[in-house]
Number of protein chains: 2
Amino acid sequence: MDSVWFGKPRPSSGQPLGLSREAIVRKALEMLDEHGLTKLSMRKLAAALGAAPMSLYWHVPTKDALIELCVDEIYGDFPLPAPDADWEPALREMMHSLRHLALKHPWWLRAIGEFTTIGPKAVAMADSMLEPMLRAGLTTAAAAQSVSTVSSFVTGYALAEANFTARGGMDSSPPDLGKIADLYREKHPRYVEMLNDPAVWTLEGQFEFGLDCVIDGIKARVAALR
Amino acid sequence: MDSVWFGKPRPSSGQPLGLSREAIVRKALEMLDEHGLTKLSMRKLAAALGAAPMSLYWHVPTKDALIELCVDEIYGDFPLPAPDADWEPALREMMHSLRHLALKHPWWLRAIGEFTTIGPKAVAMADSMLEPMLRAGLTTAAAAQSVSTVSSFVTGYALAEANFTARGGMDSSPPDLGKIADLYREKHPRYVEMLNDPAVWTLEGQFEFGLDCVIDGIKARVAALR
DNA sequence: AAGTTCCTCGTACACCGTAAGGGGTAGGAA
DNA sequence: TTCCTACCCCTTACGGTGTACGAGGAACTT
């Protein structure tokens with residue numbers, strides 16, 4: 001099945017009046033950030049743009065394709081590390097950026113899970129993650145393995161984190177932890193004790209701990225992987 | 001907002017004829033495994049059960065609630081480690097189980113990302129993950145931190161893995177890597193070289209590598225966390 | 001003036017989740 | 001026997017969704 005990336009963005013010789021692929025994506029991003037993935041509809045998007053629903057379909061083949069474009073646009077916000085940075089601080093910095101991106105756009109990770117997007121900006125990001133590792137002397141496979149490992153942790157963590165940080169406007173509210181604790185107090189006391197431990201909810205610190213673990217493990221292997 | 005878990009499953013004094021919450025969840029799981037999350041509709045589910053669409057709503061308050069029940073059911077398939085196992089092999093084994101669960105039910109991770117479910121079987125799984133760590137002498141917070149770190153990696157990895165392993169019947173097909181390589185060959189040669197490296201596609205080995213990294217990092221900290 | 005290309009829109013179709021309420025059936029009470 | 005109540009299933013209907021199809025109009029070329 002062909003993806004959006006293989007088709008041209010439709011030639012537009014005359015000056016675009018009001019509607020354009022870029023304008024549609026921009027407004028869609030705005031609405032996604034504000035209301036979440038499930039609340040976005042082509043009709044509402046068109047209304048927000050002052051156009052008829054079917055007008056969008058000239059610029060974008062389908063709703064799923066539009067969301068793929070939006071997902072890739074987010075990859076574009078990814079800040080690049082300094083071109084001469086050592087691999088470890090570069091990797092750390094990129095992973096912090098990745099987490100912040102995911103937390104800033106809660107719909108993003110969910111969309112990634114559903115649409116398997118590999119757009120130009122996603123490729124650029126992956127490429128720039130590879131770069132410091134290769135420069136440190138790793139083989140292609142080893143660099144890929146390292147990057148895949150850390151970014152798996154980060155996306156997994158951000159996914160869990162986003163579930164407990166759902167703010168206003170999202171699709172679902174976070175579960176009521178007090179009720180859950182009451183429900184399971186006698187059957188799973190260990191679990192309830194964990195829920196009530198304030199240290200568990202220092203999400204920033206938890207992330208740092210996990211990131212340290214993963215990077216330590218990679219560091220220990222970098223020598224062998226060269 | 002109340003969740004399914006806080007309401008009773010509707011008292012059923014007489015013998016249930018045909019329809020029941022259990023039967024509905026069972027059939028829904030079957031259809032989810034076969035056709036994926038987006039293809040499941042209450043109407044089709046009812047038809048598969050030989051019932052009218054609205055009949056389901058006696059047993060289940062809403063479609064989202066039904067999916068939460070399905071998600072929790074999957075947690076129930078999680079195999080428990082031996083009750084006297086050391087923390088490291090126990091953790092390893094559980095993470096392998098978690099990955100296999102995620103790959104066997106591709107809709108599952110996507111649903112977790114969308115619904116923030118904490119049902120009884122999810123709690124039981126979390127509890128049994130905590131157990132070996134606590135037995136090893138970790139504090140509650142340290143055990144939670146460790147488990148959260150590894151399972152974040154595993155879910156993140158499984159999410160990415162599932163995107164490249166989409167088999168028949170899923171919502172979207174995997175992207176055509178050959179075309180992608182052609183598109184980006186001159187702009188991102190490093191990335192394309194990675195795509196063409198067969199070692200990158202030994203997903204089992206990549207998973208093992210990542211898991212080793214994370215567990216090593218935790219192991220190095222276990223002493224300090226006691 | 002005629003044709004061509006680009007863009008916008010109106011209409012329509014097949015789906016979706018589910019609110020509201022109508023019946024039927026079974027068991028217990030009168 | 002008759003009535004009441006609880007439980008379960010269904011019909012109808014409403015307001016949404018993505019998008020196929022094709023009718024236009026506007027601008028530019030010839």
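Worth knowing before you read on, the calculation uses all heavy atoms, side chains too, and leaves out hydrogens, waters and symmetry mates. In what follows, chains are A, B, ... by sequence order, proteins preceding strands, each numbered from 1.
For the pair H59(B) and dC9(D), the criterion of a side-chain N or O lying under 4.0 Å from OP1 or OP2 is met. Between T62(A) and dT19(D) there is a side-chain polar atom (N or O) within less than 4.0 angstrom of OP1 or OP2.
Here L109(B) contributes atom CG and L159(A) contributes atom CG; the two are 7.5 Å apart, rounded to the nearest 0.5 Å. One finds the CG atom of L203(A) at 4.5 Å from the OH atom of Y157(A) (value rounded to the nearest 0.5 Å).
Residues R43(B) and P53(B) form a side-chain contact, since some pair of their non-hydrogen atoms from C-beta on lies under 4.5 Å apart.
If you take CG of L45(A) and P of dT8(C), they are 13 Å apart, rounded to a whole angstrom. Atom CG in D64(A) sits roughly 12 Å away from atom C1' in dT19(D) (whole-Å rounding). In this structure, K39(A) places its NZ atom 14 Å from C1' of dG17(C), rounding to the nearest Å. Atom P of nucleotide dC7(D) and atom CG of L56(B) are separated by 19 Å, given to the nearest angstrom. To the nearest angstrom, C1' of dA20(C) lies 14 Å from OH of Y57(B). The nearest whole Å value for the distance from the CE atom in M42(A) to the C1' atom in dA14(C) is 18 Å. In this structure, the CG atom of L19(B) is 10 Å from the P atom of dC8(D), given to the nearest Å. Taking atom CD1 of I67(B) as the reference point, atom P of dG17(C) lies 9 Å away to the nearest angstrom.
Here the nucleotide nearest the side chain of K44(B), chosen from dC16(C), dG10(C), dT19(D), is dC16(C). Comparing atom distances between the A52(A) side chain and each of dT18(C), dC9(C), dT8(C) picks out dC9(C) as nearest. When each of dC7(D), dC9(C), dC10(D) is scored by its nearest atom to the side-chain atoms of W58(B), the top-ranked nucleotide is dC7(D). Here dC9(D) is the nucleotide among dC16(C), dC9(D), dG18(D) with the atom lying nearest to any side-chain atom of S55(B).
One can find a donor-acceptor pair under 3.5 Å joining the base of dG17(C) and the side-chain atoms of R43(B).
Although no hydrogens or angles enter the test, the distance criterion places a donor-acceptor pair under 3.5 Å between the side chain of W201(B) and the main chain of L195(B). Counting only distance, with no hydrogens or angles, the side chain of R21(A) and the backbone of H59(A) share a donor-acceptor pair below 3.5 Å. When atom types are taken as modelled, the side chain of K121(A) and the backbone of F78(A) share no donor-acceptor pair closer than 3.5 angstrom.
Using five terminal pairs a side, the axes of the helix from dA1(C)-dT30(D) to dA30(C)-dT1(D) at its two ends make an angle of 30°, given in steps of 10 degrees.
The residue M54(B) sits close to a base: some heavy atom pair falls under 4.0 Å.
Of the charged side-chain nitrogens involved, at least one lies within less than 4.0 Å of a carboxylate oxygen, so that R190(B) and D127(A) count as a salt-bridged pair.
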